[in-house]
Asker: 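Okay, handing you the structure first.
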Amino acid sequence: MNKQILLVALLGATVLFAGCATQSSNQFQNFQAIDLNDLVRSGQLVQKTNSFFVLSDSSSSMGDDYQRDSSFSGTKLDVEKNLLHRFNQTIPDITLSSGLRSFGFGSCLGWSRTQLNQSLQPHSTGAFDAAIQSLECSSGGTPLAKALATSQQDLTSASGNIALLIFSDGKDDNPSVSEVKALKNKFGDRLCVYTVWIGNERDRQGAANLRAISNVAGCGFSTNAEAISSSQGIADFVKGVFFESATPFIAENDEDQDGVVDSRDKCPNTPRGAIVDKDGCWAFHGMLFDFDSDKIKPEYHAMIQNVVKVLELNPGLTIEIQGHTDSIGSEAYNQRLSERRANAVKNLLVREGIDGNRLATVGFGELQPVDSNDTEEGRAYNRRVTYTRTDQ
């Protein structure tokens, strides 16, 4: 008889501790996610997080009806699952790992205080939604400390920076600060903790408990269900968890379409078809001429043909042919040499059928270097002929 009484008492205590299980709906409410992919592709959002792991509150208090936001219906667990679904649907196409663990007690968690619903694995929107739907009911106390301690092992394989997300009403059975400190000791600056409070007015202390957890982590932040329930709210939450803002990449203009953007183009308005150098200038560098010579070497006649082609493509175009030298020799000698080289190019173009009235010449000697004259490579770049249009 005493044994029967003891057995009944033990069963009663277990049921009392476990709480009555409250079933959850697996019907997600209608939701239109904001597409963040363009912001990622443009560089306005730069990924900072490589793995995320969710700790989901499935305790009996999550079976209470949620009363703070009329846009949601059902229990706090229903709201939690809808928020996780919206979060999952809003994550853009980035490379991530994800996992989910629930905490509570009773039949909903296989009579354990915490249960792994999805081990850490390459993120899939469909697989993670299935993990969310596996949160079928809520029962028992709130052993968040146990879930935090167990998550150390869950996160062992996590790569890069880790976001630990806690969705709960915060009605923790025991303080969880020491477990968060242990996680930070193990993962260091790689780990940030984000908490989402899903509670009613009488659960206000739970919000403070969750804020304390984020504060101890020193990285991450606390928010609540109301703040992230809308499409914009959950998009901002996703941005905060996974991204840091960056100066947006803006495709620069190339007005003359010579392949050098305007901000780096030292010779704007290059005519169509011209071969340009790294500075966007229509110019030929290097050994167009032998040393101390104004004779154009035969292997460079193809470059001359480019000038002919450009002048034929642009009948109204007139140009100034500018000769330049390196700094070897006297300044006076280099001035004369640059003039001779400019005239040599003009004479060849005229022989190719170009009207000489479209061609002016000038020599700048060694006075306008575009590279260092201290190296052979730099001097070769300075020995050049450039073409500047004079019709504009």
Asker: Within this structure, what is the OG-NZ distance for the pair S112 and K146, rounded to the nearest 0.5 Å?
Answerer: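 Answer for the OG-NZ pair, S112 versus K146, is 7.0 Å.
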Asker: Of the options N306, D277, V345, which is the one that meets F284 in a side chain to side chain contact (heavy atoms under 4.5 Å, CB included)?
Answerer: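 The side chain to side chain contact (heavy atoms under 4.5 Å, CB included) with F284 is passed solely by N306 among N306, D277, V345.
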Asker: Do N209 and Q205 pair up side chain to side chain, a donor and an acceptor below 3.5 Å, judged on atom types alone?
Answerer: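 Checked: N209/Q205 side chains pair up, N/O donor to acceptor below 3.5 Å.
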Asker: Hey, is the main chain of S159 close enough, under 3.5 Å, to the side chain of S51 for a donor-acceptor pair?
Answerer: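 Looks like yes, one N/O pair under 3.5 Å.
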Asker: Check this for me: Q392, atom CD, are more than 12 non-hydrogen atoms of other residues, nucleotides or ligands nearer than 6.0 Å?
Answerer: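 More than 12 within 6.0 Å, yes.
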Asker: May I ask you to decide whether D64 forms a salt bridge with R202, counting only side-chain N to carboxylate O separations under 4.0 Å?
Answerer: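 R202 and D64: salt-bridged.
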Asker: Got a sec, which residues hit salt bridge (charged side-chain N to carboxylate O under 4.0 Å, His left out) with D38, two or more places apart in sequence or on another chain?
Answerer: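 Checked D38 against salt bridge (charged side-chain N to carboxylate O under 4.0 Å, His left out); matches are R41.
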Asker: For atom NZ of K346, decide whether the heavy atoms of other residues, nucleotides or ligands shown that lie under 6.0 angstrom number more than 12.
Answerer: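 Result for NZ/K346: enclosed.
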Asker: Answer yes or no: are there more than 12 heavy-atom neighbours, outside E255 itself, under 6.0 Å from its atom CD?
Answerer: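 Counting other residues, nucleotides and ligands, CD of E255 stays at 12 neighbours or fewer.
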Asker: Looking at E201, I'd like to know if its CD atom is crowded, meaning that more than 12 non-hydrogen atoms belonging to other residues, nucleotides or ligands lie closer than 6.0 Å.
Answerer: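 More than 12 within 6.0 Å, yes.
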Asker: Going by atom types only, do T49 and N161 share a side-chain donor-acceptor pair under 3.5 Å?
Answerer: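 Checked: T49/N161 side chains show no N/O donor-acceptor pair below 3.5 Å.
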Asker: Answer yes when R379 and E376 have at least one side-chain N-carboxylate O distance shorter than 4.0 Å, and no when they do not.
Answerer: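 Looking at R379 and E376, the cut-off is met.
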Asker: Do you see a donor-acceptor pair shorter than 3.5 Å between the side chains of Q335 and E339?
Answerer: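 A donor-acceptor contact under 3.5 Å links the two side chains.
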Asker: What class does the angle between the rings of F237 and F167 fall in, given that below 30° is parallel, 30 to 60° is tilted and above 60° is perpendicular?
Answerer: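 If you compare the ring of F237 with that of F167, the planes turn out perpendicular.
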Asker: Taking atom CG as the centre, does N185 end up with more than 12 heavy-atom neighbours from other residues, nucleotides or ligands that are less than 6.0 angstrom away?
Answerer: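 Enclosed.
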Asker: Side-chain heavy atoms under 4.5 angstrom apart, residues restricted to Ile, Leu, Val, Met, Phe, Trp, Tyr: same cluster for V310 and V308?
Answerer: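 Yes, because V310 and V308 connect within a single hydrophobic cluster, where side-chain heavy atoms sit under 4.5 Å apart.
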Asker: Below 4.0 angstrom, N of the basic side chain to O of the carboxylate: do D203 and K171 qualify?
Answerer: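 Yes, charged N to carboxylate O under 4.0 Å.
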Asker: What heavy-atom pair brings M62 and E80 nearest, and what distance separates the two atoms?
Answerer: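 Scanning both residues, the minimum pair turns out to be CE-OE1, 3.0 Å.
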